[in-house]
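Just so it is clear, the structure is predicted and the values come from calculations on it, not from any experiment.
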Amino acid sequence: MEGEEHKNNNIKVEKKKSSNCGYPVNDPPTDRPVRVYADGIYDLFHFGHARSLEQAKKSFPNTYLLVGCCNDEVTHKYKGKTVMTDKERYESLRHCRWVDEVIPDAPWVVTIDFLDQHQIDFVAHDSLPYADTSGAGKDVYEFVKSIGRFKETKRTEGISTSDLIMRIVKDYNEYVMRNLDRGYSRKELGVSYVKEKRLRVNMGLKKLREKVKKQQEIVGETIQTVAKTAGMRRNIWVENADRMVAGFLEMFEEGCHKMGTAIRDRIQEQLMAKANMKGLVYDDNGEEDNDDDEYYYYEDSTEEEYSEEDDE
């Protein structure tokens, strides 16, 4: 029986017809549903995955779609770490309307034995080359294409698992803060104590900036409304506002100057009072008054100089 099956396979290869993609494609069976197989990782299952499976399902008028999904061990070895576990990825596929059957622990490279085991007529995938396990850069679907069992599907531009992960990484801080606000602990999120505090401060500042910006927009709309109501053009209103602001700043600067002068005078008065008290204490103790040629300066709006000389 095995010899006859391989002989039949050889006959099919001879009867295959050319496709527009440069590789031959066999004629589908007409007496039963065409068994089409699609495989992948399907991490973070998205509408790009669903659309490719839809194309595979609609490859022929009567199609039974089998979808293979590699387990974590194989995936991590040949592609890298996934966000979802293999069990989660299997379950996601089972809820896709186009899938008739899910094959767990699917092989990385499709072989003739696997095709025969599941009675697969065609393998559906996009035509981009995917590296096999040899490390030589060979296309993992090269064998399937050579025997006329490959059915091309088109990728959906603008969406992929890698793209979704990059979006998360790009806005990492915001997603961490969102989960912290939802009750997740910093340890669950793998965030240090300092990192958590820094994020909370930054998010607080961001919210404050957004609030200020919103208020500025409201003020701008109010100014436009007032200008329109008063029958003034907006540029005239802005000019008047500039003059009012300039006048206020001038008054504010003058007030600050007066206040500074008053404070300075007050300090000097206190210093002079302390000096006079000190002189009285010395006189009471019978000490010699040595104030010859001593000057005290008192600075007002106009600076005056006073000098005191002892009687000889």
Quick one: are Thr85 and Thr82 in side-chain contact, heavy atoms under 4.5 Å?
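No; the side chains remain at least 4.5 Å from each other.
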With the side chain counted from C-beta on, respond yes when Val123 and Leu115 share a heavy-atom pair under 4.5 Å apart, and no when they do not.
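Yes, close enough: below the 4.5 Å cut-off.
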N/O donor to acceptor pairs below 3.5 angstrom from side-chain atoms of residues 198-209, sequence neighbours left out:
from	atom 1	to	atom 2	distance (Å)
Arg200	NE	Glu196	OE2	3.3
Arg200	NH2	Glu196	OE2	3.4
Asn202	ND2	Arg198	O	3.3
Lys206	NZ	Glu174	OE2	2.8

Among Lys197, Arg186, Met177, find the residue that satisfies the side-chain contact (heavy atoms from CB on, under 4.5 Å) test when tested with Val191.
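Going through Lys197, Arg186, Met177 one by one, the side-chain contact (heavy atoms from CB on, under 4.5 Å) with Val191 is satisfied by Arg186 alone.
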Side-chain (Asn26) to main-chain (Ile147) donor-acceptor, under 3.5 angstrom:
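Flag set: sc Asn26 to bb Ile147 pair under 3.5 Å.
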Using a 3.5 Å distance criterion without hydrogens, assess whether the side chain of Glu101 forms a donor-acceptor pair with backbone atoms of Val67.
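No: the side chain of Glu101 does not pair with the backbone of Val67.
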Do [X] and [Y] belong to the same hydrophobic cluster, where Ile, Leu, Val, Met, Phe, Trp and Tyr are linked whenever their side-chain heavy atoms lie under 4.5 Å apart, directly or via other members?
| X | Y | result |
| --- | --- | --- |
| Phe47 | Leu93 | no |
| Val83 | Val176 | no |
| Leu44 | Tyr172 | no |
| Leu189 | Tyr175 | no |

Any chance you could measure [X], atom [atom1], to [Y], atom [atom2], to the nearest 0.5 Å?
| X | Y | atom1 | atom2 | value |
| --- | --- | --- | --- | --- |
| Ser92 | Met84 | OG | CE | 3.5 Å |
| Asp105 | Asn71 | CG | CG | 4.5 Å |
| Ile112 | Gln117 | CD1 | CD | 12.0 Å |
| Arg89 | Asp72 | CZ | CG | 5.0 Å |
| Phe60 | Arg35 | CZ | CZ | 13.5 Å |
| Lys87 | Cys69 | NZ | SG | 10.5 Å |

Could you walk me through whether Tyr141 and Asp39 pass side chain to side chain donor-acceptor pair (under 3.5 Å), step by step?
CA-CA 11 Å; Tyr141 298 106; Asp39 62 355; 2.5 Å; yes
Are the aromatic rings of Phe122 and Phe150 close, with centres under 6.0 Å apart?
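No: the rings miss the under 6.0 Å criterion.
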Distance-only criterion, 3.5 Å: show the donor-acceptor pairs between side-chain atoms of residues 155-171 and protein atoms not counting sequence neighbours.
from	atom 1	to	atom 2	distance (Å)
Arg155	NH1	Tyr130	OH	3.0
Ser160	OG	Asp163	N	3.0
Thr161	OG1	Asp43	O	2.7
Asp163	OD2	Arg167	NE	3.0
Asp163	OD2	Arg167	NH2	2.7

Search all heavy atoms of [X] against all heavy atoms of [Y] and return the closest pair with its distance.
| X | Y | result |
| --- | --- | --- |
| Val34 | Pro28 | CG2-CB, 3.9 Å |
| Ser127 | Glu152 | OG-OE2, 3.1 Å |
| Ala124 | Ala56 | CB-CB, 3.6 Å |
| Cys70 | Trp108 | SG-CE3, 4.0 Å |
| Leu65 | Leu53 | CD2-O, 3.5 Å |
| Gly80 | His76 | O-CD2, 3.2 Å |

Evaluation steps, side-chain contact (heavy atoms from CB on, under 4.5 Å), between Val36 and Lys151:
CA-CA 9 Å; Val36 177; Lys151 192 70 175 176; 5.5 Å; no
Charged N-O contact under 4.0 Å between Lys57 and Glu54:
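Answer for the salt bridge query: no.
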For the pair Asp121 and Arg32, find out whether any cationic side-chain nitrogen is under 4.0 Å from an anionic carboxylate oxygen.
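Result for this pair is yes, salt bridge flagged.
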For [X], is the [atom1] atom crowded, meaning more than 12 foreign heavy atoms sit under 6.0 Å from it?
| X | atom1 | value |
| --- | --- | --- |
| Tyr193 | OH | no |
| Glu217 | CD | yes |
| Tyr184 | OH | no |

Which residue pairs satisfy the ring-ring contact (aromatic ring centres under 6.0 Å, His included) criterion with at least one member in residues 26-46, sequence neighbours excluded?
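Counting only pairs at least two positions apart or across chains, the ring-ring contact (aromatic ring centres under 6.0 Å, His included) contacts touching residues 26-46 are Tyr37-Phe114, Tyr42-His49, Phe45-His49, His46-His49.
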Residue pair Asp126, Lys154: steps toward the side-chain contact (heavy atoms from CB on, under 4.5 Å) verdict
CA-CA 5 Å; Asp126 62 80; Lys154 300 294 183 182; over 6 Å; no
